[in-house]
2 protein chains.
Amino acid sequence: MNECLFIHLHSILKGVMARKIDNDKLVRIKKATMKTIVDRGIEKTTIAMIAKNANVSGGYLYRLYSGKQALIDELYFDKVVSINNELEILINSNPTSVTAIVTAFIKNRINYAVNKPEASKFYYQLLHNNNFKVDKSLKERNLLLIENLKSIGQKSGEIGKNINILQIHFHLFIYVVDYINFKKVNNFGIETINNNDVIYLTENILNILKKDN
Amino acid sequence: MNECLFIHLHSILKGVMARKIDNDKLVRIKKATMKTIVDRGIEKTTIAMIAKNANVSGGYLYRLYSGKQALIDELYFDKVVSINNELEILINSNPTSVTAIVTAFIKNRINYAVNKPEASKFYYQLLHNNNFKVDKSLKERNLLLIENLKSIGQKSGEIGKNINILQIHFHLFIYVVDYINFKKVNNFGIETINNNDVIYLTENILNILKKDN
DNA sequence: AATGTATGAATAAACATTCATTCATTAATA
DNA sequence: TATTAATGAATGAATGTTTATTCATACATT
């Protein structure tokens, strides 16, 4: 007993690991989850399929995630957080110009859609799925960022007096993502999203936000 | 064999029915399907739940539909067809004004969202689900309608030269639906969609379509 | 009595999740 | 250095649940 305990503590302190963790595995699982959901839809995606696409045994997923819902949740929430982080950085580095912030934000969305099509489509699907909602604190953080943006715009005259938070949120976070996805999916599979779309979307949004209704 | 055939034809000709069909059933099933999907999401919706909500036996659904997918498909396609019918009527009755068509179209979408919230939310969910795509002929019909709208707008000067079909489609069929749903869902459950939104959305869309990029 | 409507228990397939087992790696020992 | 013991990583067959679908039966109407 004592000896056993000793050996155990010893091995912990020494950092003993019976087998090197294949660090790639987590990445493979994340990619496979997104790819499978994009290819087949959430309803038809099974743990077995994800595991197969990730070259991992079925049971192994449960070592890293408590279940299917948790796995998808985490991937989605990560993405939502990182988009908000991004917006925060853009606001802090352009404290007087909504145009600059929106332009950069849209540019990032388009780059993301082009460079990480799987992740981008995955995010788009979950954005419109009622079973995956972000939690309250995340929503509140987002509202605060939009408030910041609004006050910048009202000082500079880029945002009209009667524009409200939800209108800004909708056009920045939903309109843009939907438009990009729509254009990619519908143009006969040819990826036509490009820098012209940055200008197009930015102008549309700024006009909408400027206008007093 | 002959006799059997005779009896069958006879019963058809005479309109013999062993039991009066409960005509309400089909309506109940349709409503229950939409409600269940809106409440729980497509993934978590089962035939058993739909049947229970419709006060119908589980097996009875298979008398009217070949299966779950066919049931949902049909409800969705019906809606897509009726929206296109509606647009066609609006185009025919306003052959020179895009503004009139778009205003009426948006008014209808908002009325629909307010008066048939369940059906409206159901449509919204399927609009963004990859597993439910409308077939080619329906897509083509829609494109033709949009072409009509475009040529009206280019004669009247309401639609810019460089605007393409997909841009018109996106703003009329996706932007509007998404905005209405977003406003309904996010305003803390209070239904704030009203006639001001008709003006707001119409102005936004017409500005976007007018602008030459 | 004849016949189509409607039921819901039974069936079989699909699925998420678990867990006994195997495997790879390292530390300790000789 | 070679061997062994210990440990946690990883597996995948087994489990139990959920689900869509079927079908033998009961029911209502003419």
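Chain letters run A, B, ... following the sequence lines, proteins first and then strands; every chain starts at 1. The model shown is predicted, which means the values in this text are computed figures rather than measured ones.
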Quick one: K25(B) NZ to dT5(C) C1', roughly how many Å, whole number? 8 Å
Geometric cation-pi criterion, K184(A) with Y124(A): 6.0 Å, 45°: no
Spacing between K52(A) atom NZ and dA10(D) atom P, to the nearest angstrom: 21 Å
In terms of ring plane angle, is the pair Y200(B) and H171(A) parallel, tilted or perpendicular, where the classes change at 30° and 60°? perpendicular
Nearest-Å distance, CG (L71(B)) to P (dT21(D))? 10 Å
Report the distance from atom CZ of R40(B) to atom C1' of dT18(D), rounded to the nearest whole Å. 12 Å
Expressed as a whole number of angstroms, how long is the span from N55(A):CG to dG12(D):C1'? 14 Å
Taking 4.0 Å as the cut-off, does a side-chain nitrogen or oxygen of R63(A) come that near to OP1 or OP2 on dA10(D)? no
Does the side chain of Y60(B) get closer than 4.0 angstrom to OP1 or OP2 of dT7(C) through an N or O atom? no
Would the number of heavy atoms belonging to other residues, nucleotides or ligands and lying under 6.0 Å from NZ of K31(A) be above 12? no
Can you tell me if K68(B) has over 12 outside heavy atoms packed within less than 6.0 Å of its NZ? yes
Does the protein touch nucleotides 12-17 of chain C at the base, only the backbone, or not at all? Give it as B, S and - per nucleotide, heavy atoms under 4.0 Å. ---SSB
Between F170(B) and Y179(A), how do the two ring planes meet: parallel, tilted or perpendicular, split at 30° and 60°? perpendicular
Whole Å only: how far is the CD1 atom of I50(B) from the C1' atom of dG8(C)? 17 Å
Charged tip of K25(A) within 45° of Y60(A) ring normal and under 6.0 Å: yes
